[in-house]
Trainee: 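Handing you this structure, nothing more for now.
Residue numbers start from 1 in every chain, and the chains themselves are labelled A, B, ... in the order their sequence lines are given, proteins ahead of strands. This structure is a prediction, so every number in the text was calculated from the model and none was measured. These values consider heavy atoms only, across backbone and side chains, with no hydrogens, waters or symmetry-generated copies.
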Protein chains: 2
Amino acid sequence: MTPDDKSTRDRLIDAAELLFADQGIEATSLRDVTAKAGANIASVNYYFQSKDGLVQAVYERRIAPLNEERLRLLDLAERAAADRPPSLEAIVESFVEPSIRFCASHPNFMRVAGRLQFEPNLEFRSRFIMQFQEIAKRYEAALRRALPDIPVEDLFWRMHFLIGAMIHTWSNACDVELVSRGKYRFSGDADMAKRLIDFAVAGMRAPVAKKKSTGGKG
Amino acid sequence: MTPDDKSTRDRLIDAAELLFADQGIEATSLRDVTAKAGANIASVNYYFQSKDGLVQAVYERRIAPLNEERLRLLDLAERAAADRPPSLEAIVESFVEPSIRFCASHPNFMRVAGRLQFEPNLEFRSRFIMQFQEIAKRYEAALRRALPDIPVEDLFWRMHFLIGAMIHTWSNACDVELVSRGKYRFSGDADMAKRLIDFAVAGMRAPVAKKKSTGGKG
DNA sequence: AATCAATTCAAACGATCGTTTTACTTTATG
DNA sequence: CATAAAGTAAAACGATCGTTTGAATTGATT
């Protein structure tokens, strides 16, 4: 299937995903997008009403399958454990592994998703947050069963840490070679997912320290 | 000292730091900055030559003291351990704790720093990377001494994970209340640093799994 | 008071942005 | 073939951007 076989709408989303990843969202003009897609400048507003609509389309094309896959693997892990608590490794893996697979099949999407976390002006942000709440709720429940001795507040923050590590790793992967002066390279394979899973699983299990708050207002 | 006592240059940096954090860098116009600083539109180019120069000034005003404090604490930890390997907790704390202190004293800077990680168009990015290399080199050496059984490649990536968790936590702190539906709140005090330190220390110490690579090129 | 550099100011520059308009072409349907 | 809908085209819209210009103002020094 050559690119010409795709509809104009699909070619616009493809071009936008690539350019948003390379140049950033605000720095990419609709003229850049339409030029790469071989379409007219007016086509974006014809199909997506606005640039924000295009951004949303780029995001929603991939995020739904990604989160569905996460929940599918989480269900699998919980069902495999029957009535016992699910394996912590399986929980974390169900969250990390689908994203590394996406990182291989859709190299640009994860970078765009990472960017969107830091784009404050678009009201898109609230939609993103709401959409993530279902995922967060499911994983919070699973983690509580797997780690009953860890206070839920700590579980919440540790999940937060995992998300940050994941976003940073997937979206800055291309710069790692620079930072490490060529010594290390991001290998978008299962090894990298394993590294993050090992790290996060150990972090999740860390003993909870007594709060050293002095009793004053936080 | 009222704001009026500060020089125009300082007021421009202050205003830019605040607006860059709230609205993003590209979304903030120089007219926004100069209006908030009570300065003329031309003053930015007068003092900083360009908008990029202003961005750079905002960043470099704070990043140097932050990294110096990190290295100071790291030196302290290594000296306290004398000829034995330094404590892993002290190493991680020396990296995390200065940033949480900055998060309290300069609430907007960490968000700007987080944003800059995702701003691709500015050649500023390469400068940022180069500047970070000294820090990375020092911590790599310290971690190798503290965790001699962990391969250096894994240490590198685990440090990468810690950085991602930290950036994500500090810069998305304001949205946590939304994501958790009001249940949790970012407390910019030592408790939060302790949470991240505990998580990261345990993650650093995680046993290294055998690579499940099929023998192809890594 | 006169001089000169440093700073501030209002105004405009050229460029680019997202978006809209209007007309033209294609495709499907009777 | 006639007709209406869907899609594409070129061109311009108004707005905003970073930047520059050149004059006015300030403040210190002689």
Side-chain angles (χ1 to χ4, degrees), chain A residues 2-60 112 115-116 119-125 127, chain B residues 2-59 112 115-116 118-125 127:
Chain A
T2 71
D4 304 333
D5 294 337
K6 292 188 175 182
S7 70
T8 299
R9 208 188 109 99
D10 287 339
R11 280 184 288 119
L12 286 172
I13 297 183
D14 287 342
E17 186 181 70
L18 194 152
L19 291 171
F20 288 168
D22 277 346
Q23 313 174 3
I25 296 172
E26 302 227 40
T28 300
S29 70
L30 296 185
R31 287 166 178 83
D32 291 338
V33 175
T34 53
K36 180 170 270 291
N40 187 270
I41 167 69
S43 58
V44 169
N45 289 79
Y46 179 79
Y47 285 106
F48 307 100
Q49 285 75 50
S50 67
K51 184 180 182 179
D52 270 22
L54 175 61
V55 174
Q56 206 168 294
V58 168
Y59 184 69
E60 292 184 346
V112 178
R115 292 257 167 75
L116 282 170
E119 297 268 351
N121 51 343
L122 314 169
E123 51 92 32
F124 171 91
R125 201 174 164 74
R127 189 191 312 261
Chain B
T2 71
D4 302 333
D5 294 338
K6 292 188 173 181
S7 71
T8 299
R9 208 189 110 97
D10 288 339
R11 279 183 290 118
L12 287 172
I13 298 182
D14 287 341
E17 185 180 71
L18 194 153
L19 290 171
F20 289 169
D22 276 347
Q23 313 174 4
I25 296 172
E26 303 228 40
T28 299
S29 70
L30 296 185
R31 286 166 178 84
D32 291 338
V33 174
T34 52
K36 179 170 271 292
N40 187 270
I41 167 72
S43 58
V44 169
N45 288 81
Y46 179 78
Y47 284 105
F48 307 100
Q49 284 76 48
S50 66
K51 184 180 182 178
D52 271 21
L54 175 60
V55 174
Q56 207 167 293
V58 167
Y59 183 71
V112 178
R115 292 260 167 74
L116 282 170
F118 287 87
E119 298 267 351
N121 50 343
L122 314 170
E123 52 92 33
F124 170 90
R125 200 173 165 75
R127 189 190 312 260

Trainee: What residues, two or more places apart in sequence or in another chain, satisfy side chain to side chain contact (heavy atoms under 4.5 Å, CB included) together with B/D10?
Mentor: B/K6, B/S7
Trainee: What pairs with B/L18 under side chain to side chain contact (heavy atoms under 4.5 Å, CB included), at least two apart in sequence or on another chain?
Mentor: B/D22, B/K36, B/N108
Trainee: Between C1' on C/dG18 and CG on A/D32, what's the gap in Å once rounded to a whole number?
Mentor: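 After rounding, the gap between these two atoms is 13 Å.
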Trainee: Please name all residues satisfying side-chain hydrogen bond (donor to acceptor under 3.5 Å, both in side chains) with B/T34, sequence neighbours left out, ordered by chain then number.
Mentor: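 For B/T34 there are no side-chain hydrogen bond (donor to acceptor under 3.5 Å, both in side chains) partners, ignoring immediate neighbours.
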Trainee: Could you check how far CG of A/L30 sits from C1' of C/dC17, rounded to whole Å?
Mentor: 8 Å
Trainee: How close or far is atom P of C/dT19 from atom CG of A/L54, stated in whole angstroms?
Mentor: 10 Å
Trainee: Could you give the side-chain donor-acceptor pairs of residues 37-44 of chain B under 3.5 Å, partners two or more places apart or in another chain?
Mentor:
{"residue": "B/N40", "atom": "OD1", "partner": "B/A42", "partner atom": "N", "Å": "2.9"}
{"residue": "B/S43", "atom": "OG", "partner": "B/N40", "partner atom": "O", "Å": "2.5"}

Trainee: Between D/dT19 atom C1' and B/N45 atom CG, what is the distance in whole Å?
Mentor: 5 Å
Trainee: Would you find a donor on one side and an acceptor on the other, under 3.5 Å apart, between the side chain of A/R115 and the backbone of A/F20?
Mentor: yes
Trainee: What integer distance in Å separates A/L12:CG from C/dT19:P?
Mentor: 14 Å
Trainee: Within the 4.0 Å limit for protein heavy atoms, which parts of nucleotides 6-16 of chain D are touched? Write it as a string from 5' to 3', B for base, S for sugar-phosphate only, - for none.
Mentor: SBBBBBB----
Trainee: Could you check how far CD of B/E26 sits from P of C/dG18, rounded to whole Å?
Mentor: 11 Å
Trainee: I'd like to check the side chain to side chain contact (heavy atoms under 4.5 Å, CB included) partners of B/S29; sequence neighbours left out, ordered by chain and number.
Mentor: B/R31, B/D32
Trainee: Looking for any heavy atom pair under 4.0 Å, which part of the strands does A/T34 touch: base, sugar-phosphate only, or nothing?
Mentor: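 Nothing, no nucleic acid heavy atom in range.
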Trainee: Distance check needed: C/dT19 P versus A/F48 CZ, whole Å only.
Mentor: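 The distance from CZ of A/F48 to P of C/dT19 comes to 13 Å, rounded to the nearest Å.
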